[in-house]
Amino acid sequence: MDQQHRNDEQQVEQESVKPEEHRDVVDGTDAPDSPNKPPVKGKAQKELFEWVKALAIAAILVLVIRYFLFAPFIVDGPSMEPNFYTGERLIVDKAIYELRKPKRGEVIVFHVPEEGRDFIKRVIGVPGDKIKYEDDNLYVNGKLVDEPYLKESIAAAKAKGEIFNNNGGEERNFPNSNFDTDVVPPGHVLAFGDNRRNSKDSRIIGFVDDKEIVGRADVIFWPLNKLAFVKQG
């Protein structure tokens with residue numbers, strides 16, 4: 001009986017110590033792919049799609065900003081000296097005049113169809129304004145108007161005993177023989193260059209149609225040592 005009991009205990013012990021089934025140790029490096037894990041090729045394609053989508057969105061934003069909100073402009077010519085010089089690069093706000101009309105003193109960029117190019121000038125008169133410009137004196141609706149952006153140029157000319165606006169004779173004044181009215185018509189502005197001695201502007205080409213205005217020059221961004229917001233009036 002004792003022998004049978006010992007045999008039963010040995011059988012129980014043998015049954016209770018069955019070796020565990022072999023299992024692979026997973027440490028995140030050499031583990032086999034899970035059945036639910038997406039294949040590597042599919043993951044790469046997804047990442048590529050996300051990159052393409054991001055680049056497409058960025059390109060659309062650039063186009064929207066470039067054509068509807070802001071645009072770069074390169075100054076070419078001396079007509080706005082000493083406030084702007086050839087080669088300077090500006091950022092032009094193209095949206096502002098969709099929200100409101102131009103104001104006196106603002107620096108605008110506009111297209112001149114007859115020239116096939118863009119001009120940069122300063123707004124002198126808005127619709128309904130009666131303008132008289134003679135020598136270095138600007139009158140708007142009969143009142144003498146100060147032009148702070150010309151202060152240094154006028155002072156330098158006076159120091160030499162000269163009138164700043166003295167190059168070109170009567171054509172430099174406004175109105176002149178090119179025009180039969182001194183009142184800015186609806187839907188237009190009167191625009192002069194800051195360099196009144198050397199500027200092809202409304203005194204020669206006439207009033208600027210609102211439809212031809214590209215926008216307002218807001219920032220000088222190049223060269224970097226000239227980085228600044230444009231002073232409007």
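Since the model is a prediction, treat every value here as computed from it, not as a measurement.
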Heavy-atom distance under 4.5 Å between the side chains of [X] and [Y], does that happen here?
X: E114; Y: I205; answer: no
X: L227; Y: F221; answer: yes
X: V126; Y: K103; answer: no
X: R122; Y: F192; answer: no
X: F174; Y: I124; answer: no
X: V230; Y: V219; answer: no
X: N137; Y: N165; answer: no
X: K143; Y: N141; answer: no

For D135 and N173, which I'm curious about, is there any donor-acceptor pair between the side chains at under 3.5 Å? no
Checking side-chain polar atoms at under 3.5 Å, does K121 have a donor or acceptor matched by the opposite partner on S79? yes
Let me confirm one number: the [atom1]-[atom2] distance from [X] to [Y], rounded to the nearest 0.5 Å.
X: D194; Y: F164; atom1: CG; atom2: CZ; result: 8.0 Å
X: I220; Y: N83; atom1: CD1; atom2: CG; result: 8.5 Å
X: D136; Y: R172; atom1: CG; atom2: CZ; result: 12.5 Å
X: L144; Y: L138; atom1: CG; atom2: CG; result: 7.5 Å
X: F84; Y: F73; atom1: CZ; atom2: CZ; result: 10.0 Å
X: D76; Y: F119; atom1: CG; atom2: CZ; result: 10.0 Å

NZ or CZ of R203 within 45° of Y133 ring axis and under 6.0 Å: no
Using the rule given for side-chain contact (heavy atoms from CB on, under 4.5 Å), can you reason through F70 versus D93, listing the C-alpha separation, both sets of side-chain angles and the distance that settles it, and then say yes or no? CA-CA 5 Å; F70 301 96; D93 184 344; 4.0 Å; yes
Steps toward side-chain contact (heavy atoms from CB on, under 4.5 Å) verdict (I120, L90): CA-CA 10 Å; I120 178 171; L90 316 175; 3.4 Å; yes
Residue pair [X] / [Y]: nearest heavy atoms and the distance that separates them:
X: P102; Y: V123; value: CB-CG2, 4.3 Å
X: D201; Y: G193; value: OD2-N, 3.0 Å
X: D146; Y: P148; value: O-CD, 3.4 Å

Should M80 and V107 be marked as a side-chain contact (heavy atoms from CB on, under 4.5 Å) after you check the CA-CA gap, both sets of side-chain angles, and the distance that decides it? CA-CA 10 Å; M80 289 295 286; V107 178; 4.2 Å; yes
Residue of the set E81, E134, E147, E171 for which salt bridge (Lys or Arg N to Asp or Glu O under 4.0 Å) holds with R196: E147
Side chain [X], main chain [Y], donor-acceptor under 3.5 Å:
X: R89; Y: G87; value: yes
X: E88; Y: Y85; value: yes
X: D129; Y: I131; value: no

List the atom pairs, donor and acceptor, that lie under 3.5 Å between side-chain atoms in residues 181-191 and the rest of the protein, sequence neighbours left out.
from	atom 1	to	atom 2	distance (Å)
T181	OG1	V183	N	3.1
D182	OD1	K130	NZ	3.4
D182	OD2	K130	NZ	2.8
H188	ND1	P186	O	2.8

Same cluster for [X] and [Y] if Ile/Leu/Val/Met/Phe/Trp/Tyr side chains link at under 4.5 Å?
X: I91; Y: W222; value: yes
X: V109; Y: Y97; value: no
X: F229; Y: L224; value: yes

Considering residues at least two apart in sequence or located in another chain, which fulfil the salt bridge (Lys or Arg N to Asp or Glu O under 4.0 Å) criterion with E152? none
Going by atom type alone, with no hydrogens or angles, which donor-acceptor pairs under 3.5 Å involve a side-chain atom of residues 206-216 and a protein atom two or more places apart or on another chain?
from	atom 1	to	atom 2	distance (Å)
D209	OD1	K211	N	2.9
R216	NE	D218	OD1	2.7
R216	NH1	E106	OE2	3.1
R216	NH2	D218	OD1	3.3

